[in-house]
Trainee: 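Quick one: the structure is below, questions incoming.
Sequential numbering from 1 along the given sequence is applied to the chain's residues. Any value given below was found using the heavy atoms of this structure, including those in side chains, with hydrogens, waters and symmetry copies removed.
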Amino acid sequence: MLAVIQRVSEAKVEIDGQINAQINQGFLILVGIHQHDTEADSHYLANKISALRVFSDAEGKMNLDIKAIDGQIILVSQFTLHAQTKKGNRPSFIEAARPEQAIPLYHHLIDQLENKLGFPIQTGKFGADMQVSLVNDGPVTIIIDSQHPN
């Protein structure tokens with residue numbers, strides 16, 4: 001699983017002109033599920049995301065996690081994160097998990113995050129045409145790949 005984690009001061013997801021999710025300070029996370037991903041990958045991401053210390057403390061240092069700042073999360077599934085662009089100019093998405101595999105893993109990640117953090121995770125809608133807007137705070141953007149942990 002790939003996660004693009006953006007520290008935001010505000011973010012929202014609109015579907016068909018209606019606000020589906022909206023937060024103030026926290027994370028907007030785009031997650032791409034690969035065809036080889038399993039529940040272990042969602043556990044790995046949930047552990048990393050819940051403990052990620054990228055919010056400023058009283059001294060202005062990135063030292064606080066999302067729980068410490070009473071932050072919120074919007075999680076959006078984005079299969080295009082697994083685009084293959086090696087050949088030609090049109091991306092291939094063959095590496096992205098099919099919906100029958102991706103949807104349960106997406107929901108498993110949501111459940112894992114909610115259990116670890118103790119607050120509800122807002123989401124986009126799997127497979128929908130969404131308009132995502134955000135104010136990236138910093139900017140701070142972190143990419144975590146469960147298949148290549150560092």
Trainee: Enumerate donor-acceptor pairs with a distance under 3.5 Å from any side-chain N or O in residues 105-113 to protein atoms, sequence neighbours excluded.
Mentor:
| residue | atom | partner | partner atom | Å |
| --- | --- | --- | --- | --- |
| Y106 | OH | L75 | O | 3.0 |
| H108 | NE2 | H43 | NE2 | 3.1 |
| Q112 | OE1 | H43 | ND1 | 3.0 |

Trainee: Within the structure provided, determine whether Q35 and R98 are in side-chain contact (heavy-atom separation under 4.5 Å).
Mentor: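 A side-chain contact under 4.5 Å is absent here.
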
Trainee: Could you note down all residue pairs passing side-chain hydrogen bond (donor to acceptor under 3.5 Å, both in side chains) where residues 75-84 supplies at least one of them, sequence neighbours left out?
Mentor: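 The answer is Q78-T80.
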
Trainee: Report, one line per pair, each donor and acceptor closer than 3.5 Å where one atom sits in a side chain of residues 8-32; sequence neighbours left out.
Mentor:
| residue | atom | partner | partner atom | Å |
| --- | --- | --- | --- | --- |
| K12 | NZ | E14 | OE2 | 3.4 |
| N20 | ND2 | T123 | O | 2.8 |

Trainee: Taking all heavy atoms of Q72 and all of F119, pick out the closest pair and write down the distance.
Mentor: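 Smallest interatomic distance, heavy atoms only, reads CA-CE1, 4.1 Å.
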
Trainee: Among residues at least two apart in sequence or on other chains, which ones pass side chain to side chain donor-acceptor pair (under 3.5 Å) with K116?
Mentor: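 Testing K116 for side chain to side chain donor-acceptor pair (under 3.5 Å), a comparison that skips the adjacent residues, returns N47.
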
Trainee: Can you list, by chain and residue number, the hydrophobic cluster partners of F93 when the side-chain cut-off is 4.5 Å?
Mentor: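 Other cluster members: F79.
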
Trainee: Going by the salt bridge (Lys or Arg N to Asp or Glu O under 4.0 Å) test, which pairs reach into residues 70-81, not counting sequence neighbours?
Mentor: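 For residues 70-81: none.
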
Trainee: Which value, rounded to the nearest 0.5 Å, describes the distance between I66 atom CD1 and L64 atom CG?
Mentor: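 One finds 11.5 Å between CD1 of I66 and CG of L64.
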
Trainee: Any side-chain heavy atom of I5 sitting closer than 4.5 Å to one from V54?
Mentor: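 I5 does not reach V54 side chain to side chain.
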
Trainee: Does anything in residues 41-52 pair up under salt bridge (Lys or Arg N to Asp or Glu O under 4.0 Å), and if so which pairs, sequence neighbours excluded?
Mentor: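 The answer is none; no pair qualifies.
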
Trainee: Measuring from H34:NE2 to Q147:CD, what's the distance to the nearest 0.5 Å?
Mentor: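 Separation between the atoms: 7.0 Å.
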
Trainee: Strictly by salt bridge (Lys or Arg N to Asp or Glu O under 4.0 Å), give each pair with a member in residues 99-110 just once, sequence neighbours left out.
Mentor: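 Sorted pair list comes back empty.
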
Trainee: Could you give all pairs that pass the ring pair (Phe, Tyr, Trp, His ring centres under 6.0 Å) test and reach residues 131-150, with sequence neighbours left out?
Mentor: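 Checked against ring pair (Phe, Tyr, Trp, His ring centres under 6.0 Å) - neighbours excluded - no pair reaches residues 131-150.
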
Trainee: For K61, give me all partners under side chain to side chain contact (heavy atoms under 4.5 Å, CB included), at least two apart in sequence or on another chain.
Mentor: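 Partners of K61 under the side chain to side chain contact (heavy atoms under 4.5 Å, CB included) test: D57, E59.
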
Trainee: Would I103 end up clustered with L81 when hydrophobic side chains under 4.5 Å apart are linked, directly or stepwise?
Mentor: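 No; L81 is not reachable from I103 via cluster members.
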
Trainee: Could you list the residues that satisfy side chain to side chain donor-acceptor pair (under 3.5 Å) with S50, not counting sequence neighbours?
Mentor: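 Here no residue qualifies.
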
Trainee: Scan the side chains in residues 124-143 for donor-acceptor partners under 3.5 Å anywhere in the protein, sequence neighbours excluded, and list what turns up.
Mentor:
| residue | atom | partner | partner atom | Å |
| --- | --- | --- | --- | --- |
| N136 | OD1 | V140 | N | 2.8 |
| N136 | ND2 | T141 | OG1 | 2.9 |

